[in-house]
Amino acid sequence: ITDIKRQLYVHSEEREAFLDAIRVRGDVSGHEIQFFSKSGAKVWISVAARIIYDAEQRPLFMEGFFTDINARKQAEAALQEAHALLESKVEERTQALVAANLELKNIQSQVIQQEKMASIGQLAAGVAHEINNPMGFILSNLESMQKYSDRLSQYIAAQEDAIRQLAQAAGIDSQKFDTASLLDQLQTTKSTLKIDHILQDTVALLAETREGAERVKNIVKDLKGFARFEREIILADINRGIESTINIIWNEIKYKAKLTKDLGEIPLIKCNIGQLNQVFMNLILNAAQAIEAGGEIHVKTWANLEHVFVSIADNGCGIPAASLSRIFEPFFTTKEIGKGTGLGLSVSYDIVHKHGGDIAVTSEPGQGTTFILKIPIGQNVKETEEN
């Protein structure tokens, strides 16, 4: 070797860096450099060297040794490459899992909405019946009002005619114009047309019609609110949600069970009230379906400092012990084929847990079933889009 810098060092500038290091410190250890081997191949070495000084501390020469670390450096390079590849794979897998998770959440949201819409479809006839009742007497009242209006018009015309005759008779001899007879005739017309009854009944008809229209308005409002796929997390009144839900499904309940409510004073909670209404509907309908006839359903709410509780109890057929542990499984149902999707309780369980809450059940065959929901007051529900 005649030119160390160029013949030995793969990167000639590393020669100066090495010399600077040993001049400053007096020795170096583990200094890694890439050299050319005798064959011209590039190899990694580790240098340990020191300067030897004379008695007057003048440098005489350097001594040291080289260690071939090429295999280690190759292994490190391979490891680094493998690590980079692994990180790439992990990143790809993470992205795939994120995409899959988003897809799963979308599917879960769709299942919740489909279950809701399936339930609404089952309730459509009942809701139509609930709307038809007030609409029936509204239309009947309007028909009566039309008849009353016609009679009032006739009576008013008779009055106008009587007044006109009286006005014409003002200059006529009273002996030639029988005022008493004219008044009697007007009174007879009033009695024949039942004007007094019309005036009294009109007030009642208008009040009943207004009440019926309000019922229709509330049913439609509650149904629209229930059917909407609500994503917004808001402060909501659980008691109002229960009342709204019962209003929608009342036709499914009233012929089978007596429903009593004991709705306590509870705070507003931050929640997706549309989804919680779906839970209330599923549980109350299940209670009604578990009752043959003449049963009872009791809905109760209360709260402590941390949670709001909702209890829905019935005295129906109950759930067999063998099935009790499986009722929240997707597609598991004890109902007859065609009577249920097996998703109602599963979806309800998912919604309650998404709110940071819990749902418990106790049941005795032949005695009835009680579901108790526990929802944190201060717990923020996870965003629907993320679940």
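Small disclaimer: the values here were computed from a predicted structure and weren't measured.
- With 3.5 Å as the limit, one finds a donor-acceptor pair spanning the side chains of Glu91 and Gln95.
- When every heavy atom of Ile22 is checked against every heavy atom of Met62, the shortest pair comes out as CD1-SD, 3.5 Å.
- What you find for Gly356 and Pro376 is that their closest heavy atoms are O-CG, 3.1 Å.
- Remark: Phe65 CZ is loosely packed, at most 12 non-hydrogen atoms of other residues, nucleotides or ligands lying under 6.0 Å away.
- For Gln80, the CD atom counts as loosely surrounded, since its 6.0 Å shell holds 12 or fewer non-hydrogen atoms of other residues, nucleotides or ligands.
- Looking at Lys256, its side chain does come within 3.5 Å of a backbone N or O of Ile291 through a donor-acceptor pair.
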Just do the side-chain contact (heavy atoms from CB on, under 4.5 Å) check on Gln74 and Asn70 with the steps written out, would you? CA-CA 6 Å; Gln74 289 176 346; Asn70 203 53; 3.1 Å; yes
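- No more than 12 heavy atoms of other residues, nucleotides or ligands sit less than 6.0 Å from atom CG of Leu305.
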In sequence, state the C-alpha distance, the side-chain angles, and the governing distance for Asn286 and Phe371, and then conclude on side-chain contact (heavy atoms from CB on, under 4.5 Å). CA-CA 11 Å; Asn286 280 355; Phe371 284 89; 5.5 Å; no
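- A continuous path of Ile, Leu, Val, Met, Phe, Trp and Tyr side chains, each step under 4.5 Å between heavy atoms, connects Ile234 with Ile269, placing both in one hydrophobic cluster.
- Taking all atoms of both residues into account, the shortest heavy-atom contact from Pro267 to Ile377 is CG-CD1, 3.6 Å.
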Go through the steps to decide whether Ile248 and Asn277 satisfy the test side-chain contact (heavy atoms from CB on, under 4.5 Å), and finish with yes or no. CA-CA 11 Å; Ile248 293 172; Asn277 285 348; over 6 Å; no
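- Between Glu76 and Lys73 a salt bridge is recorded (basic side-chain N to carboxylate O distance below 4.0 Å).
- Ile284 approaches Ile253 most closely through the heavy-atom pair CG2-CD1, 3.5 Å.
- Distance alone, capped at 3.5 Å, is enough to place a donor-acceptor pair between the His355 side chain and the Asn272 backbone.
- Hydrophobic clustering of Ile, Leu, Val, Met, Phe, Trp and Tyr side chains at less than 4.5 Å, counting indirect connections, unites Leu19 with Leu8.
- Distance alone, capped at 3.5 Å, places no donor-acceptor pair between the Ser244 side chain and the Arg240 backbone.
- Side chains of Thr67 and Ser46: no donor on one and acceptor on the other come within 3.5 Å.
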Begin from the C-alpha positions of Val90 and Glu87 and carry the test side-chain contact (heavy atoms from CB on, under 4.5 Å) through to its verdict. CA-CA 5 Å; Val90 169; Glu87 285 188 336; 5.5 Å; no
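- The closest side-chain heavy-atom distance from Ser346 to Phe328 is not below 4.5 Å.
- Summarising the geometry of Trp44 relative to Asp68, their closest heavy-atom pair is O-OD1, 3.5 Å, with the distance given to 0.1 Å.
- At a threshold of 4.5 Å between side-chain heavy atoms, the hydrophobic network of Ile, Leu, Val, Met, Phe, Trp and Tyr places Phe309 and Ile297 in two separate groups.
- Side-chain heavy atoms closer than 4.5 Å link hydrophobic residues (I, L, V, M, F, W, Y) into clusters, and following such links, even through other members, never connects Trp302 to Ile246.
- Sorted pairs that involve residues 290-316 and meet salt bridge (Lys or Arg N to Asp or Glu O under 4.0 Å), not counting sequence neighbours, are lacking altogether.
- The backbone N or O of Phe280 lies less than 3.5 Å from no partner atom in the side chain of Thr245, so there is not a single donor-acceptor pair.
- Side-chain atoms of Leu85 and Glu81, non-hydrogen and from C-beta on, never get closer than 4.5 Å to each other.
- Trp250 places a side-chain heavy atom less than 4.5 Å from the side chain of Leu259.
- With hydrogens and angles disregarded, a donor-acceptor distance shorter than 3.5 Å links the side chain of Ser363 to the backbone of Gly368.
- In this structure the side chain of Asn282 never reaches within 4.5 angstrom of the side chain of Leu345, judged on heavy atoms.
- Panel note: side chain Asp27, backbone Ala48; no donor-acceptor pair is recorded below 3.5 Å.
- The hydrophobic clustering, which links ILVMFWY residues whose side-chain heavy atoms are closer than 4.5 Å, places Ile372 and Ile351 apart.
- Screening Thr370, Leu283, Ile312, Leu324 against Val361 for a side chain to side chain contact (heavy atoms under 4.5 Å, CB included) leaves a single residue, Leu324.
- The number of heavy atoms from other shown groups lying within 6.0 Å of CD (Glu143) does not exceed 12.
- For Tyr9 and Phe18, the ring centers sit 6.0 Å or farther from each other.
- For Thr301 (side chain) and Gly264 (main-chain N/O), a donor-acceptor pair under 3.5 Å exists by modelled atom type.
- No more than 12 heavy atoms of other residues, nucleotides or ligands shown are found within 6.0 angstrom of OH on Tyr349.
- Residue pairs meeting the salt bridge (Lys or Arg N to Asp or Glu O under 4.0 Å) criterion with at least one partner in residues 41-56, sequence neighbours excluded, are Arg50-Glu63, Asp54-Arg58, Glu56-Arg58.
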